[in-house]
2 protein chains.
Amino acid sequence: MRKPVRRRAAALVTIDQVAHRAGVSLMTVSRVTNGHECVRERTRERVMRAIRELNYKPNPAARALAAARADRIALLYANPSAGYLSELLLGTLDGAGLTGCQLVVQKWEGADGGGERARARARQLARDADGVLLPPPLCESQPLTAALEGVQVPCVAIAAGLATPGMSCVRIDNRRAAHDMTTHLIRLGHRAMGFIKGDPNQSASAQRFEGFRHALADAGVPFNEAWVAAGDFSYRSGLRAAEHLLAARIRPTAIFASNDDMAHAVISVAQRRRLSVPRDLSVAGFDDTLMATTVFPELTTVRQPIAPMSQEAIALLLEATRRKRLNLDAEPEDRLFEHELIERDSCAPPRGASSATS
Amino acid sequence: MRKPVRRRAAALVTIDQVAHRAGVSLMTVSRVTNGHECVRERTRERVMRAIRELNYKPNPAARALAAARADRIALLYANPSAGYLSELLLGTLDGAGLTGCQLVVQKWEGADGGGERARARARQLARDADGVLLPPPLCESQPLTAALEGVQVPCVAIAAGLATPGMSCVRIDNRRAAHDMTTHLIRLGHRAMGFIKGDPNQSASAQRFEGFRHALADAGVPFNEAWVAAGDFSYRSGLRAAEHLLAARIRPTAIFASNDDMAHAVISVAQRRRLSVPRDLSVAGFDDTLMATTVFPELTTVRQPIAPMSQEAIALLLEATRRKRLNLDAEPEDRLFEHELIERDSCAPPRGASSATS
DNA sequence: CCAGCGGATGATAGCGCTACCATACGCGAT
DNA sequence: ATCGCGTATGGTAGCGCTATCATCCGCTGG
């Protein structure tokens, strides 16, 4: 006969400890952590309290083993600015690590391939992952969302401009963020302000432009159509837009670009024209990607808290997949996060103006 | 009494099937897959064959559960070009997914913080991860490698210029790659060729420059010191270098930049000077990051197979951690991968030259 | 010839959790 | 009262693997 052996240092809290503390069986605890329904409200609360008190975290490996299934979520991307993609990757990776789920990253190309191809890909995706994270511009691609809906994969849109109907969404208030940045520029003393729009197919673009216009109106600063240029979030489009803006008869003293890539382009063009940033021209961006601190001067921009947003998106997705497994229907959520104005070196009061700080 | 219940569809190959086929106990199989030493060579081979024949893949969840430890590897980065970082992230994520290990990504800043701070961070890192992946420029940062050595964490350098002594390394032959690209440009008919160097602190820079010079020499094309500009892999440095090169009395007809970021900068400067790429100036990059296809015209560049390289690096790291656990010493490996010349639109024969294709 | 030893292999008990079934407990219908 | 039925909870057998110990075997030295 052999005496039993403890294999673990028992450092971690396990499900039976929680069960014991809550005075229930470990199955009940399992049901609670998995969101099963057949648990009385009072019991559930007792268990939840025990979980909190012991700071219990289910062991993902054990879960995966017992349930023969790991939580796998896919992050789709398309046509990304490298800066934005790495930001997103970093954020979701973090969030995935925290929840112990696995992240599968895939490029999604060919919303053009016709509905059939999209549907085939979506079917494959449904096999590979339990849920899908959709950053822009994918969250607003009709063929994709339709195909995904077709195969019943839960989705969460991340950083969309507006909540997509029928899909959970994690985002900031783009309109207000643009409003804040514009107001900041006005406070610095700017009156002649240029704006570069984003991709017209993304709702965030319109939101940001609206925020800009309203801030102008709110401050009584005249709006000049000639100082608005079209763009599509790409560096290249920013180049064109900046040339257009800086060739105007009366040049704006500040340019607010709808993302960092285009702001970068503005700086390039300005420097080529021997304009000093920020002395002769202030430049503001949006997103606070890695690039914002790579360029010189470093970009004043709006920061989206991508990491917390990703975490929330993942949590939402996990919740949705769970509900789906139990055949409960989930109604979409729309979570708003706070943006942050990051002041760096690319913005200053206009030449000869005394800054009018409030 | 209750009759036993099969819980799994038994779709996957498990360790006992392998054991049965090899005619050994499942423990022996486990020993083989974990690289333990006390297995006779003949037995090991029998087991390996069974593994191959059944295409057995150990279940990472079960492993993690039984061994009370998941394979966690850290990817450190610093001061990255966004393009390069996302490329790396995508590659390692892929590799990690394949081996079922977890990826922890951390920014490493402050090799400047003095040795003590670095050592403290390294200690923390040793707790968080079993091994560390070191992309450039970190793999050549003395304080870091020393600190890591101090806490005995296995490391693998990825995409370094030269093998770091005492550390495994996965890379391409930078010298040969640069040689190939230069030869390609010469074949197109270029004789006046500019070069932008990379960060002098990274061995890849010297390698690439050497490849450039030797290709010139091999083809009997004269080397002109005036057409070489310093850079540090950043877009900004590329801008400066390009201005310098394009302001020369006799302009080069082609510029080979040591990475894509700087090549991008060359294109920007060229366009600002009303030079058409590739008609008036050919531009070549290195790395084939996302950016290469984002700019216009798309970049002719050298592709490092980052994804396979990352996989190999992870495999090497996992092997090293295993050996470390068993107190075996591992000798560093140096794995070379094949690069690939990617021809896109930024290079063409020089004006008025009849291309001399071999 | 046998004790003693070390290397190779096997048997078994977990690892922490969930799937599956069993059980307990109302509560309205008969 | 009895039965049936549905809801809340418990018991237990795995999930696929590794740690630990037991066993077996061939060899050396006394």
Side-chain angles (χ1 to χ4, degrees), chain A residues 1-20 22-47 51 54 56-71 100-101 322 325-326, chain B residues 1-20 22-47 51 54 56-71 99-101 321-322 325-326:
Chain A
M1 216 53 206
R2 186 198 308 169
K3 62 173 185 289
V5 185
R6 283 245 72 71
R7 298 255 310 265
R8 219 68 119 214
L12 260 43
V13 186
T14 68
I15 197 170
D16 359 45
Q17 298 174 40
V18 177
H20 187 249
V24 298
S25 84
L26 85 182
M27 264 321 295
T28 304
V29 178
S30 172
R31 287 200 183 90
V32 170
T33 59
N34 287 299
H36 284 259
E37 45 181 359
C38 289
V39 180
R40 233 186 326 167
E41 196 47 44
R42 279 199 33 235
T43 316
R44 174 188 312 278
E45 268 162 27
R46 267 223 312 286
V47 172
I51 287 178
L54 295 173
Y56 165 70
K57 301 251 177 281
N59 177 330
R63 260 193 163 157
L65 183 58
R69 150 195 68 71
D71 281 321
C101 71
R322 188 170 303 131
R325 266 202 298 284
L326 301 169
Chain B
M1 216 51 205
R2 187 198 310 168
K3 64 173 182 295
V5 184
R6 282 245 75 69
R7 298 257 309 266
R8 218 69 117 214
L12 260 46
V13 186
T14 69
I15 197 170
D16 355 46
Q17 296 174 42
V18 177
H20 186 251
V24 298
S25 83
L26 85 184
M27 263 322 293
T28 304
V29 178
S30 171
R31 288 198 182 93
V32 170
T33 60
N34 288 301
H36 284 259
E37 45 182 0
C38 289
V39 180
R40 232 185 327 164
E41 196 47 44
R42 279 199 35 235
T43 317
R44 175 190 310 280
E45 267 162 29
R46 266 224 311 288
V47 172
I51 288 179
L54 295 174
Y56 165 70
K57 301 250 177 282
N59 177 330
R63 262 193 162 156
L65 182 58
R69 148 196 69 70
D71 283 320
T99 56
C101 72
T321 63
R322 187 169 303 132
R325 265 202 300 283
L326 301 170

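Chain naming here is simple, since letters A, B, ... match the order of the sequence lines and numbering starts at 1 in each. Just the heavy atoms: all of them, side chains too, but no hydrogens, waters or symmetry mates, feed the values below.
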Mind checking side-chain hydrogen bond (donor to acceptor under 3.5 Å, both in side chains) for A:Ser30 and listing every partner two or more places apart, or none if nothing turns up?
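In terms of side-chain hydrogen bond (donor to acceptor under 3.5 Å, both in side chains), with neighbours along the sequence ignored, A:Ser30 is linked to A:Asn34.
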Choosing from [options], which nucleotide comes nearest the side chain of [X]?
X	options	value
A:Val39	D:dT9, D:dT18, C:dA8	D:dT9
B:Thr14	D:dG16, C:dT9, C:dC17	D:dG16
B:Arg31	D:dC21, C:dT18, D:dA8	D:dC21
B:Ser30	C:dC17, C:dT9, D:dT18	D:dT18
A:Cys38	D:dA8, D:dT18, C:dA8	D:dA8
A:Asn59	C:dG16, D:dA8, C:dT18	C:dG16
A:His36	C:dC17, D:dC17, C:dA19	C:dA19
B:Thr43	D:dT18, D:dG10, C:dT9	C:dT9
A:Leu65	C:dG7, D:dT20, D:dC15	D:dC15
A:Met27	D:dG16, D:dC15, D:dG10	D:dG10

Would you check if A:Arg63 and B:Leu65 make a side-chain contact, meaning some heavy-atom pair closer than 4.5 Å?
no
Any donor-acceptor N/O pair, A:Arg31 side chain to A:His36 backbone, under 3.5 Å:
no
Short question: side chain of A:Asp16, backbone of A:Ala19 - any donor-acceptor pair under 3.5 Å?
no
Rounded distance (Å) that lies between atom P of D:dT9 and atom CZ of A:Arg46
8 Å
Can you tell me the distance, in whole Å, between the CD1 atom of A:Ile15 and the P atom of C:dG14?
19 Å
Between the opening five pairs and the closing five pairs of the helix from C:dC1-D:dG30 to C:dT30-D:dA1, how far apart are the helix axes, to 10°?
50°
